[in-house]
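The structure appears below as structure tokens.
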Amino acid sequence: MTLLFHSTNRMVDEVPVGIALLQGQAGDKGLFMPNSVPQLSAELLKRARDLSYPELAVEILWPYVEGTFSRDEIEEICHSAYDFEVPLENVTGNQFLMRLDQGPTASFKDFAARFMGRSLGKLVARRGKDLLILTATSGDTGSAVASAFLGVPGIKVLVLFPEDEVSNRQRKQMTTLGDNIATLALPGKFDDCQALVKQAFSDSDLTDLNLSSANSINIGRLLPQSVYYTYSASRLADIAGGEKVVFSVPSGNFGDMMGGMLAMQSGLPIEKFVIATNANDEVPLFLETGSYSKLAPSKVCISNAMNVGHPSNLARLVSLYGGHMDEVGKLTKPADMEKMRNELFAISISDQETRATIKSVYENHNTMLEPHGAVGWAGMMRYFDANPSDITAISLETAHPAKFPDEVRTLTGCEPVLPPSLEGIEELEELYGELPVDYEAFKSFLVREYK
Ligand SMILES: *Cc1c(COP(=O)(O)O)cnc(C)c1O
């Protein structure tokens, strides 16, 4: 059985996962979504807690990739990609922190990037045609993708980043690799980088470059991000008996949260998704008012990987609730807002509240958060302020505190311990190009370097 994927714009043919992965964005500028979400069987819900992370990933991902990869291939992908811990930390009462920061680049983006690097590596080898991955990053996608694709034959990666909005460590993680990984600094915002990348995808002059995307417009980002929701819930609640949990997801482009939505659609019992943004509050406002306008320019916040003024996954969210949003953010068919408000609690958290949260969670519970995880935690606290209960709740910590040492040190008085993957990075030599925020300049660069 091969599951097919359609575009949210519904103007191109349905395709199997291999094609969706290679294309990134659909030809009609829509986003690929599975025609149906494979259901977690009662039997899998029951034994999920006994499976290791990679074993569970195989079970969850198999129905999406069957027909494109063999069972052996998906096993190899998952076992080599997920060879690190996924700690579930009890912070207080029934409230937990899921640390998704133990991968090689110390952010949750490793979960998707490592799946994609391995999957695309296999698909490109099979097809025999090289691929150029274009990726815009607000900080962590670039390093995760660069690390996951480093040395993969047949694939080149070009990462665009806003020069003033990524931290030193984030930048060094992607500019020091070399080999098939190139990087470009732009004097703009993440949204500017993303706009250039999107324009290149729809430029017919560039078709023969075989462009693809590793941004969360690629469905390959979302599928693996659905696994850790089921993993954590299976260990902390009786999911086979229908016990529900609350998740809190610090969100920017809403790829992480869409992974969670897939988990919910697959039958994981979830009471509520708290979606916590920083001051870029266009989605909380959308939920509140039912009308959407993007924030341009996006606001600069300390949780820099979430400085997104027009989240690329919003069209997917709208489509899950029966509506249609086109690629520029125009709602052409309304979504079921009542259902959405029932299932989601969206909240915007200021930098001030983010900092206060890092400080108080450290002082009260001896748990170290970084700015993104703190936005998630603060959002969860706001949810429980409004809806007191002792239901099991899991907040996602999406990066390692050592990626944001200055903020964390100032607020906790404690130096976050560097994970082994970040050690020695300060001394490595950096290499990156620079371009203005200008499509013609970007296009000439692509033609010159890659044609
Ligand atoms: C990318 C990122 C986010 C936001 O994830 P989205 O899928 O874009 O919502 C949150 N935290 C960190 C550390 C990130 O790198």
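Predicted, not measured: the structure shown is a model, and the values here were computed from it. Atoms within a ligand are numbered from 1 in the order they appear, just like the ligands themselves.
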Less than 3.5 Å apart, N/O on ligand 1 and N/O on the protein: could you list those pairs with the distances?
{"from": "ligand 1", "atom 1": "7 (O)", "to": "G255", "atom 2": "N", "distance (Å)": "3.0"}
{"from": "ligand 1", "atom 1": "7 (O)", "to": "D256", "atom 2": "N", "distance (Å)": "2.8"}
{"from": "ligand 1", "atom 1": "8 (O)", "to": "N253", "atom 2": "N", "distance (Å)": "2.8"}
{"from": "ligand 1", "atom 1": "9 (O)", "to": "G252", "atom 2": "N", "distance (Å)": "2.8"}
{"from": "ligand 1", "atom 1": "9 (O)", "to": "N253", "atom 2": "N", "distance (Å)": "3.2"}
{"from": "ligand 1", "atom 1": "9 (O)", "to": "F254", "atom 2": "N", "distance (Å)": "2.8"}
{"from": "ligand 1", "atom 1": "11 (N)", "to": "T398", "atom 2": "OG1", "distance (Å)": "2.7"}
{"from": "ligand 1", "atom 1": "15 (O)", "to": "K109", "atom 2": "NZ", "distance (Å)": "2.6"}
{"from": "ligand 1", "atom 1": "15 (O)", "to": "D140", "atom 2": "OD2", "distance (Å)": "2.6"}

- Task: For residues V227 and A57, report the shortest heavy-atom separation together with the two atoms involved.
- Result: CG1-CA, 3.8 Å

- Query: Which atoms form the tightest heavy-atom contact between P436 and P187, and what is the distance?
  - Reply: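 Closest approach of P436 to P187, heavy atoms only: CA-CD, 4.1 Å.
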
- D191 side chain to G309 main-chain N or O, any donor-acceptor pair under 3.5 Å? yes

- Item | Output field: ring centroids Y53/F111 closer than 6.0 Å | yes

- State the OG-CG distance between S107 and L100, to the nearest 0.5 angstrom.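 Those atoms lie 9.0 Å apart.
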
- Who are the side-chain contact (heavy atoms from CB on, under 4.5 Å) partners of A346, not counting sequence neighbours? I275, P284, L287

